[in-house]
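Worksheet for the structure shown next.
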Amino acid sequence: MGIADLSSDDIMWLLQLGESMLDINRRSIKKAPTLRGKTIINLFFENSTRTRTSFEIAGKRLSADVINISASTSATKKGESLLDTGQTLAAMQPHLLVVRHGLAGSCAFLAEYLQNTAIINAGDGSHEHPTQILTDLLTIQQSLGSFEGKIMTLVGDIAHSRVARSHLLAAKIMGYHIRLVAPKTLLPLHVARYGCSVYHDFDAAIPGSDIIYMLRVQNERLTSACCFPSIREYHEAYGLHRARQRMAGDHCLIMHPGPMNRGVEISSDVADSLNSRVLHQVENGVSIRMALLTHLINANNPPMLAHNNEDEDDDED
Amino acid sequence: MTMKIELLIRGGHVVDPAHHIDAIHDVWIHDGHIVAMGDYDGKPQRTIDAQGLIVCPGLIDMHVHLREPGAEWKEDIESGSRAAVAGGVTTMCCMPNTNPTLDHAGVITQVKMRAQQVGLCHLHPIAAVTRHLAGKQLTEMRELVRAGAVAFSDDGKPIWHAGVMRKALEYASSFGFLVIQHAEEPTLTDGGVMNEGWVATQLGVAGMPVESEDSIIARDVMLTRLTGARYHVAHISTQGAVAQVRSAQAEGLLVSCEAAPHHFALTEEEVIGYRSDAKMSPPLRTEKDRLAVIEGLRDGTVTVIATDHAPHHIDDKRCGLECAAFGIVGLETMLPISLMLVRDGVLTLPQLIAKMTINPAQLLNLPAGSLAKGAVADVCVFDPDATWLLNRDTLRSKSHNTPWHGKTMQGQVCYTIMAGNIVFEKTSNEGL
């Protein structure tokens with residue numbers, strides 16, 4: 001359901017499993033029989049190309065039958081409730097539901113009523129996006145080796161970001177430090193209670209950063225909700241461009257969960273630079289999702305990320 | 001000569017704050033009225049043994065939503081009345097956000113007639129301040145009062161427009177009418193589903209800041225000063241709001257307020273886990289606000305306890321926190337939850353009972369709230385110590401949206417008497 005449900009050992013174990021999946025993805029015949037005969041439904045109420053594709057590829061490479069349902073084709077447009085859609089699909093006896101929904105808590109809500117169906121949270125409103133964060137952690141581990149004491153500078157619309165919330169939780173678990181950078185209009189109240197630092201001045205937050213993590217800017221959110229006056233001013237204040245990357249130094253990784261708005265939160269030269277890990281994140285995303293699918297479906301384990309599983313920690317050893 | 005008497009409530013501890021009675025007395029009831037308290041030479045047809053129980057005026061809940069007309073699948077006047085008397089409430093004031101809204105005399109008359117047909121609980125409607133609750137044109141207040149309205153409110157929505165609010169206060173106060181405000185600045189709460197703060201931040205949902213409540217009250221207090229009107233804040237929930245009402249009262253303005261049990265019993269932490277049964281407007285606030293509301297109750301700033309009983313169908317609640325409707329049912333839990341204030345030493349029992357009887361009666365000029373000789377015999381008999389488990393499936397209300405499901409209640413209504421008739425009697429398996 002969320003990073004909040006995981007321990008440091010859980011995460012390290014999943015990263016290790018994810019790392020081992022990289023091989024399958026890189027060889028010429030990208031298919032393993034691990035999940036043959038298993039059914040996975042990707043239930044996406046929000047538009048998402050990369051997360052959905054990533055889950056789809058992950059499932060298919062493990063030989064599972066993957067069905068994609070997106071909001072535009074689903075019955076929700078006809079007034080069917082989230083619960084009815086969930087129950088209907090669960091009645092078709094899939095092994096796993098992957099759910100992306102615009103409401104915070106929607107996956108936990110479904111899990112409460114679909115007790116016999118494993119669910120992966122592929123993003124619930126502004127709450128959590130756990131698979132993205134595991135992906136990011138694998139990417140960081142590959143480049144930096146460890147998490148302890150590392151500084152991640154996280155920039156953008158923190159208030160509406162599930163990626164930011166999940167990273168704030170993961171930082172506490174894995175021991176890295178987060179510097180949030182945003183104007184107050186894009187920060188939720190009391191956010192410093194996560195144990196992070198809060199900056200309104202991007203330049204002040206850059207020195208010492210090991211990772212600069214840029215969040216996607218949603219134009220409509222910025223201007224119509226009065227969170228920011230213009231894209232132009234946003235880029236000037238909070239965009240990552242060459243000069244800021246130079247301030248950060250050569251060692252600093254550049255990350256972005258995608259899709260990027262080039263010229264808004266990140267300029268092209270930075271996005272395509274040597275230190276950019278954006279495409280590594282995408283590649284690792286498939287591996288991590290393969291790891292999760294394998295773990296949740298195949299191991300006969302109780303679903304580790306499912307909401308109502310209390311003793312998940314015991315299953316890891 | 002020994003009189004034939006319909007009902008005797010014998011040996012109970014009578015608490016009638018209107019007359020400073022706080023002692024063991026017999027209460028004699030005949031022909032729908034209280035005929036005597038104490039010794040009386042009568043031969044009762046029926047006797048209620050109230051030894052060890054509290055006998056007080058039937059409770060008044062001046063803030064309920066009965067959903068009739070227009071949303072009878074959530075609640076209607078009959079089911080709402082059953083819920084009321086099960087909670088010891090014999091007088092309710094229903095809010096006008098029905099469909100059609102209570103903004104015409106005909107609808108007021110209809111609602112009153114339905115309550116009389118049901119015959120369980122007195123019902124006094126609160127009419128809309130503006131037509132269709134649209135916040136623009138004032139209702140025909142004089143005619144609405146003639147039809148039976150006892151106050152005015154656009155509850156559910158604030159009277160947001162300052163100019164309209166000024167006119168409403170001016171017009172209403174020209175005739176002594178009370179205006180009740182749902183204090184919420186909508187441009188600050190837009191999209192919010194709970195209190196803005198640490199819990200909302202962690203859940204990733206939009207919040208409603210305390211400033212949305214405080215700022216409207218600040219403005220309204222100024223307008224009350226300008227107009228000399230009587231102004232009442234519904235369901236007060238913040239530290240700042242209580243402080244403003246307190247200082248307005250100290251200044252001598254005719255400002256009053258009510259608090260709902262959930263706002264002095266629960267905090268925003270209740271929403272953790274995306275619990276839609278803890279979603280209401282104004283939202284559950286922080287512990288600091290909860291304690292401020294309690295302090296307001298203690299020092300007399302908050303004179304009334306009212307539930308904001310807001311029934312919602314399970315389909316409107318079982319759809320995730322952000323989609324769920326605002327509001328919880330409260331009629332059947334008002335007394336046990338409020339008794340917490342006595343157990344915690346915040347209020348004496350007479351002080352607490354006053355906030356649910358004589359105080360709202362005086363505020364709204366209702367013929368209720370006391371056990372004086374000659375008064376209509378509305379009586380609540382309850383056991384202040386009895387504990388019981390709240391099961392939402394046994395609530396009389398058609399809707400079961402309560403945050404107290406599965407919780408132990410202390411204080412149980414044994415008998416409710418309305419106009420001399422026993423309209424509720426605890427059965428042996430009550431609360432099981």
Side-chain angles (χ1 to χ4, degrees), chain A residues 1-4 45 76 79-87 99 101-113 121 123-130 157-166 168-169 172 180 187-196 198 221 224-227 307-308, chain B residues 185-214 238 240 267-279 283-289 312-326 401 405-406:
Chain A
M1 282 302 120
I3 290 292
F45 292 91
T76 47
E80 189 174 68
S81 75
L82 166 63
L83 183 56
D84 283 334
T85 307
Q87 282 175 333
V99 181
H101 195 281
L103 294 180
S106 48
C107 291
F109 169 73
L110 271 186
E112 192 183 330
Y113 289 95
N121 181 358
D124 63 326
S126 304
H127 178 226
E128 277 232 50
H129 193 355
D157 184 359
I158 313 293
H160 302 101
S161 173
R162 50 187 165 228
V163 172
R165 275 181 184 75
S166 286
L168 286 162
L169 294 167
K172 229 178 211 171
L180 294 179
L187 288 165
L189 212 58
H190 305 316
V191 70
R193 288 193 198 169
Y194 279 108
C196 56
V198 179
R221 183 160 273 151
S224 72
C226 277
C227 291
H307 186 60
N308 32 31
Chain B
E185 167 55 59
T187 60
L188 285 175
T189 54
D190 189 30
V193 300
M194 63 174 299
N195 185 48
E196 183 171 311
W198 177 227
V199 176
T201 292
Q202 291 175 90
L203 294 182
V205 297
M208 302 192 264
V210 292
E211 287 73 15
S212 70
E213 183 166 336
D214 299 357
T238 74
T267 67
E268 60 179 3
E269 310 259 318
E270 213 58 36
V271 188
I272 292 171
Y274 297 94
R275 291 186 60 216
S276 62
D277 280 337
K279 176 179 177 180
L284 297 174
R285 304 286 190 185
T286 63
E287 180 67 1
K288 180 189 72 169
D289 296 299
H312 283 294
H313 192 269
I314 188 161
D315 289 346
D316 299 322
K317 279 293 193 181
R318 197 178 56 186
C319 54
L321 178 69
E322 288 180 283
C323 289
F326 289 99
N401 46 317
H405 174 64

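Residue numbering restarts at 1 for every chain, and letters A, B, ... go by the order of the sequence lines.
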Only pairs under 3.5 Å, no angle test: what donor-acceptor pairs are there between chain B and chain A?
| unit_1 | atom_1 | unit_2 | atom_2 | d |
| --- | --- | --- | --- | --- |
| B/T201 | O | A/R165 | NE | 2.4 |
| B/T201 | O | A/R165 | NH2 | 3.2 |
| B/T201 | OG1 | A/L189 | O | 2.6 |
| B/Y274 | OH | A/H127 | ND1 | 3.1 |
| B/Y274 | OH | A/H127 | NE2 | 3.2 |
| B/E322 | OE1 | A/A104 | N | 2.4 |

**OP:** Would you mind checking which part of A/L83 comes under 4.5 Å of any heavy atom in chain B, side chain (CB onward), backbone (N, CA, C, O), both or neither?
**Re:** side chain

Original post:
When rounded to the nearest 0.5 angstrom, what distance separates CG in A/L82 from SG in B/C323?
Top reply: 8.0 Å

Original post:
Which atom names give the shortest non-hydrogen contact between B/V205 and A/A104, and what distance separates them?
Top reply: CG1-CB, 3.6 Å

